Amino acid sequence: MEQTIFSQIEELEHEQVVLCHDKHTGLNAIIAIHDTTLGPALGGTRMWNYTTKNDGITDALRLSRGMTYKAAISGLNLGGGKAVIIGDPATKSEALWRRYGKFVNSLGGKYITAEDVNTSTKDMEYIHMETKHVTGIPKYMGGSGDPSPFTAYGTFVGIKACANTKWGSDELSGKKILVQGVGHVGQYLVEHLTKAGAEVLISDIDEKKLKETVDNHGAKVIAPNEIFDIEYDIYAPCALGATINDESIPKLKCEIIAGAANNQLKDEDIHGKAIREKGILYAPDFLINAGGLMNVAAEAYGVYNEDKVTADVEEIYNRMHLIFDKANAENLTNQAAAIKMAEERIAAVGKIKSVL
Ligand code: NAD
């Protein structure tokens, strides 16, 4: 049975959800603010041609909850929010971004935006014409630029932590790794993995991006509908969410799932448990892909320093080990252990917030 929007908001415990429409630009956007206990809600804006508008709303709600956990587990003083623009990315225009920027501005800093799927530093530049509550703006404007290289680097160190836990060594040389999605993040991840000596397989629905990645790194291409038919050591989802589901789990022939995509588990509880029972080590998505958020957070704090951000991103390695230990000690899935750790920080910091 399809859930109503309000029942989803109640179930996931959102603070505020804003529906935005503009007839002149054709803008249809959802800004979902999940939790601002730790600070303003920072999260990117995704543009996607959803099958239905309700699919877009559901995506914004799920993604914004993930941002709350991502900021909390990464030690950031930020809340969780995310926005979705429903539409064909080919129809992007200056006016659309500026109109959207006005909606972001109307929230007075409670929500701060950045890049996500199908949005770029140039789009952030347009948003910046209407609001200061935007990060990931181009470097030539004094911003921190595209967060994707930091997301990719964090995912890479997180994959090493998984290898260490599973095989007793960080070594990725000779390991077969499938990267699904070679967009902004995936292409940088492929570069790190190739340099580390891994045998990289790639899959994408965009022929141009596949060709670029093959030309630059020599990776082998797998057709999107064949990725669960073959065997590899690590599956790195770097496209959209919910690829770990009832259909893919029985077919999966890997030992580790560790990638940058948000909301990889279609159902966190059911599918988190199913892959654990299969003996697959899962890297909680909002923990391993937090590098980009750390980068835009530094820009939002006004104290951007690339070396400091890089050191923070490398901490993902230790945090992954902490989560794996917690999951084992408390007999939880890795995702559940990560959520628990994030919720513990929100609760603890929340309690001291009202003290003068
Ligand atoms: P992107 O749009 O640049 O790249 C996504 C790629 O996935 C595209 O090349 C697209 O063609 C491909 N794709 C879409 N559907 C596919 C399918 N069925 N099979 C194979 N490939 C498919 O987006 P991105 O910025 O690289 O983000 C990738 C994922 O990582 C998203 O889930 C995003 O939310 C998440 N993420 C990104 C960042 C960041 O810094 N960009 C940070 C955290 C999380």
Side-chain angles (χ1 to χ4, degrees), residues 44 46-49 89 115-120 146-163 166-167 170-245 247-249 251-266 275 280-283 285 288-292 313 316:
R46 173 173 298 194
M47 186 161 189
W48 194 257
N49 221 349
E115 292 89 346
D116 192 66
V117 174
N118 286 325
T119 51
S120 65
D146 179 12
S148 308
F150 294 88
T151 305
Y153 183 52
T155 305
F156 175 63
V157 299
I159 288 175
K160 288 213 256 182
C162 291
K166 197 75 184 171
W167 303 308
D170 290 8
E171 192 56 66
L172 295 175
S173 171
K175 296 291 180 196
K176 222 181 206 183
I177 305 178
L178 177 105
V179 178
Q180 179 191 29
V182 284
H184 285 99
V185 180
Q187 51 164 318
Y188 290 108
L189 180 61
V190 170
E191 186 177 346
H192 287 301
L193 295 173
T194 309
K195 279 189 185 150
E199 184 187 338
V200 182
L201 313 175
I202 55 168
S203 188
D204 203 298
I205 51 172
D206 185 329
E207 291 296 329
K208 196 167 152 253
K209 285 182 187 160
L210 284 173
K211 186 176 179 314
E212 261 170 40
T213 315
V214 170
D215 289 350
N216 291 336
H217 308 293
K220 183 178 167 197
V221 175
I222 308 292
N225 59 351
E226 287 172 12
I227 61 167
F228 298 122
D229 298 334
I230 57 167
E231 206 171 323
Y232 32 83
D233 300 298
I234 302 175
Y235 167 42
C238 294
L240 296 186
T243 58
I244 305 165
N245 53 44
E247 288 78 45
S248 61
I249 292 173
K251 295 184 185 171
L252 271 171
K253 292 173 276 293
C254 62
E255 292 190 66
I256 291 170
I257 299 175
N262 283 306
N263 297 338
Q264 295 167 25
L265 299 164
K266 186 162 187 197
I275 47 172
I280 298 174
L281 182 71
Y282 177 69
D285 43 14
I288 194 169
N289 72 13
V313 173
I316 289 175

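No experiment lies behind these values; they were computed from the predicted model shown.
Considering every non-hydrogen atom in both Val185 and Ala260, the closest pair reads CG1-CB, 3.6 Å. What you find for Ala258 and Thr155 is that their closest heavy atoms are O-CG2, 4.5 Å. Residues Lys253 and Glu231 approach most closely at O-CG, 3.5 Å, considering heavy atoms. Counting all heavy atoms, side chain and backbone alike, Ser120 lies closest to Glu115 at C-CG, 3.7 Å. What you find for Asn289 and Thr151 is that their closest heavy atoms are O-CG2, 3.7 Å. When every heavy atom of Glu171 is checked against every heavy atom of Ala196, the shortest pair comes out as OE2-O, 4.2 Å.
Note that the CD1 atom of Ile275 and the CG atom of Leu252 stand 8.0 Å from one another [nearest 0.5 Å]. To the nearest 0.5 Å, atoms OG (Ser173) and NZ (Lys195) are separated by 15.5 Å. In this structure, CD1 in Ile257 is found 11.0 Å from CG in Leu178, a value given to the nearest 0.5 Å. Separating the CD atom in Glu255 from the CH2 atom in Trp167 is a distance of 5.5 Å, to the nearest 0.5 Å. Atoms CD and CD1, on Gln187 and Ile202 in that order, are 10.5 Å from each other to the nearest 0.5 Å. Rounding to the nearest 0.5 Å gives a distance of 12.0 Å between SG of Cys162 and CD1 of Ile280.
In this structure, the side chains of Val190 and Asn216 stay at 4.5 Å or more apart for every pair of heavy atoms. When side chains are defined from C-beta on, Ile256 does not count as touching Asp233, because their heavy atoms never get closer than 4.5 Å. Between Thr243 and Ile227 the shortest side-chain heavy-atom distance does not fall below 4.5 Å.
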Practice problem: Start with the C-alpha distance between Ile177 and Tyr232, add both sets of side-chain angles, then the distance that settles side chain to side chain contact (heavy atoms under 4.5 Å, CB included), and finish with yes or no. | Solution: CA-CA 6 Å; Ile177 305 178; Tyr232 32 83; over 6 Å; no

Exercise. Dump the intermediate steps for side chain to side chain contact (heavy atoms under 4.5 Å, CB included) on Lys251 and Asp229, then the final yes or no.
Key: CA-CA 7 Å; Lys251 295 184 185 171; Asp229 298 334; 4.3 Å; yes

Quiz prompt | Check against side chain to side chain contact (heavy atoms under 4.5 Å, CB included), Leu193 and Ile234 | solution = CA-CA 11 Å; Leu193 295 173; Ile234 302 175; over 6 Å; no

Exercise. Could you walk me through whether Val117 and Leu240 pass the side chain to side chain contact (heavy atoms under 4.5 Å, CB included) test, one step at a time?
Key: CA-CA 9 Å; Val117 174; Leu240 296 186; 4.2 Å; yes

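Using a distance-only test at 3.5 Å, with no hydrogens or angles considered, a donor-acceptor pair links the side chain of Ser203 to the main chain of Ile222. Formation of a donor-acceptor pair under 3.5 Å by the Asp204 side chain with backbone atoms of Leu210 is not found in this model. Of the possible donor and acceptor atoms, one in the side chain of Gln264 sits under 3.5 Å from a partner among the backbone N and O of Gly259. Between the side chain of Asp285 and the main chain of Asn263, a donor-acceptor pair closer than 3.5 Å is present.
The aromatic rings of Phe156 and His192 sit parallel, their planes meeting at an angle under 30°, below the 60° perpendicular limit.
Using a 4.0 Å cut-off between a side-chain N of Lys or Arg and a carboxylate O of Asp or Glu, Asp116 and Arg46 qualify as a salt bridge. Taking the charged nitrogens against the carboxylate oxygens, Glu207 and Lys211 have no contact shorter than 4.0 Å, which rules out a salt bridge.
For Lys266, the NZ atom counts as loosely surrounded, since its 6.0 Å shell holds 12 or fewer non-hydrogen atoms of other residues, nucleotides or ligands.
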